*Asks:* 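Submitted below is the structure of interest, expressed as structure tokens.
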Amino acid sequence: QVQLVESGGGLVQAGGSLRLSCVASRSIFDINVMGWYRQAPGKQRELVATITRSGSTNYPDSVKGRFTISRDNAKNTVYLQMNSLKPEDTAVYYCIGGFLYWGQGTQVTVSS
């Protein structure tokens with residue numbers, strides 16, 4: 001079992017940046033895929049980033065070039081660097097581990 005706790009969300013203006021952190025309660029060394037989902041009212045849940053243990057990443061076109069996922073296994077932490085934020089990025093962002101473990105989410109609000 002593993003608990004995931006997100007932090008770093010907040011209110012920013014369009015064009016700004018945020019870095020989300022996801023701290024796991026134990027080592028994530030054995031979890032191949034870590035990632036981030038987002039959910040906004042009236043919108044479909046969207047997987048915005050994944051990263052494998054080897055460092056391979058994947059992003060949908062909606063965030064490609066603006067978001068960067070990284071992981072620090074020594075710190076049991078996954079990050080999501082979000083740049084050039086847009087109002088449509090407003091959502092609750094959830095950290096996922098192995099597509100089995102979910103965090104509680106952190107709110108990101110981007111104002112125009």
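If you're wondering where the values come from, they're calculated on a predicted model, not measured in any experiment.
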*Asks:* Crowded around Gln107 CD? As in, over 12 foreign heavy atoms under 6.0 Å?
*Replies:*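 Yes, the 6.0 Å shell around CD holds more than 12 heavy atoms from other groups.
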*Asks:* Output the rest of the hydrophobic cluster of Tyr79: all Ile, Leu, Val, Met, Phe, Trp and Tyr residues reachable through side-chain heavy-atom contacts under 4.5 Å, sorted by chain and number.
*Replies:*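 ILVMFWY cluster around Tyr79 holds nothing else.
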*Asks:* Roughly how far, to the nearest 0.5 Å, is SG of Cys95 from CE of Met34?
*Replies:*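 Answer for the CE-SG pair, Met34 versus Cys95, is 4.0 Å.
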*Asks:* Are Val78 and Val23 side-chain neighbours, meaning at least one heavy-atom pair lies under 4.5 Å?
*Replies:*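 The answer is no; the side chains never approach within 4.5 Å.
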*Asks:* For a quick test of reading the model, state the closest non-hydrogen atom pair linking Ser21 to Thr77 and the distance between them.
*Replies:*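 The pair with the smallest heavy-atom distance is CB-CG2, 4.5 Å.
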*Asks:* For Ile31 and Gly98, which heavy atoms make the closest approach, and how far apart are they?
*Replies:*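 What the structure gives for the nearest pair is CG2-N, 3.4 Å.
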*Asks:* If I take atom CD1 from residue Ile51 and atom CG from residue Leu80, how far apart are they, to the nearest 0.5 angstrom?
*Replies:*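 CG of Leu80 is found 10.5 Å from CD1 of Ile51.
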*Asks:* Does either side chain, that of Glu46 or that of Ser62, offer a donor lying less than 3.5 Å from an acceptor on the other one?
*Replies:*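 Looking only at side-chain atoms, Ser62 and Glu46 do form a donor-acceptor pair, the distance falling under 3.5 Å.
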*Asks:* Are any side-chain N or O atoms of Tyr59 and backbone N or O atoms of Thr50, one a donor and one an acceptor, separated by less than 3.5 Å?
*Replies:*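 The answer is no, because no donor-acceptor pair under 3.5 Å joins these two groups.
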*Asks:* Please answer: with hydrophobic residues joined when any side-chain heavy atoms are less than 4.5 Å apart, are Phe67 and Val33 in the same cluster?
*Replies:*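 Shared cluster, no.
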*Asks:* Taking all non-hydrogen atoms of both residues into account, name the closest pair between Pro60 and Val48 and its distance.
*Replies:*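 Scanning both residues completely, I find the closest heavy atoms to be CD-O, 3.3 Å.
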*Asks:* Hey, could you give me each pair passing ring pair (Phe, Tyr, Trp, His ring centres under 6.0 Å) that has a residue in residues 86-112? Not counting sequence neighbours.
*Replies:*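 Residue pairs with at least one partner in residues 86-112: Tyr37-Trp102.
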*Asks:* Under 4.5 Å between any side-chain heavy atoms of Arg71 and Ile28, yes or no?
*Replies:*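 Heavy-atom side-chain distance check passes, below 4.5 Å.
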*Asks:* With a 4.5 Å cut-off on side-chain heavy atoms, are Met82 and Leu20 touching?
*Replies:*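 A side-chain contact exists here, since the closest heavy-atom pair is under 4.5 Å.
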*Asks:* Testing the basics here: between Ala91 and Arg38, what is the closest heavy-atom pair and its distance to 0.1 Å?
*Replies:*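 Smallest heavy-atom distance, with atoms named: CB-CB, 3.8 Å.
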*Asks:* With rounding to the nearest 0.5 angstrom, report the CG to SG distance, Asp72 to Cys22.
*Replies:*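 The distance works out to 12.5 Å.
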*Asks:* May I ask you to decide if Arg66's main-chain N or O and Ser84's side chain share a donor-acceptor pair within less than 3.5 Å?
*Replies:*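 No; judged by distance alone, with no hydrogens or angles, the pair does not exist.
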*Asks:* Please report the C-alpha distance between Gln104 and Leu4 in whole Å, then the side-chain angles of each, then the deciding distance to 0.1 Å, and finally whether the side chain to side chain contact (heavy atoms under 4.5 Å, CB included) criterion is met.
*Replies:* CA-CA 8 Å; Gln104 294 297 310; Leu4 304 174; over 6 Å; no
*Asks:* For residues Arg26 and Gln1, determine if any side-chain heavy atom of one lies less than 4.5 Å from a side-chain heavy atom of the other.
*Replies:*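 With C-beta onward as the side chain, the pair stays apart.
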*Asks:* Charged N to carboxylate O under 4.0 angstrom, Asp89 versus Lys86?
*Replies:*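 No.
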*Asks:* Would Ser27 and Asn76 count as a side chain to side chain contact (heavy atoms under 4.5 Å, CB included) here? Give the steps.
*Replies:* CA-CA 5 Å; Ser27 175; Asn76 302 335; 4.0 Å; yes
*Asks:* For Lys64, is the NZ atom crowded, meaning more than 12 foreign heavy atoms sit under 6.0 Å from it?
*Replies:*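 Check passes, neighbour count above 12.
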*Asks:* With Gln81, which residues qualify under side chain to side chain contact (heavy atoms under 4.5 Å, CB included), at least two apart?
*Replies:*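 Listed in chain order: Ser17, Arg19, Thr68, Asn83.
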*Asks:* Taking the side chain as every heavy atom from C-beta outward, state whether Leu47 and Ile96 have any atom pair closer than 4.5 Å.
*Replies:*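 Leu47 reaches Ile96 side chain to side chain.
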*Asks:* I want to check something: taking the side chain as every heavy atom from C-beta on, are Thr109 and Val12 in contact at a cut-off of under 4.5 Å?
*Replies:*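 Side-chain contact under 4.5 Å: no.
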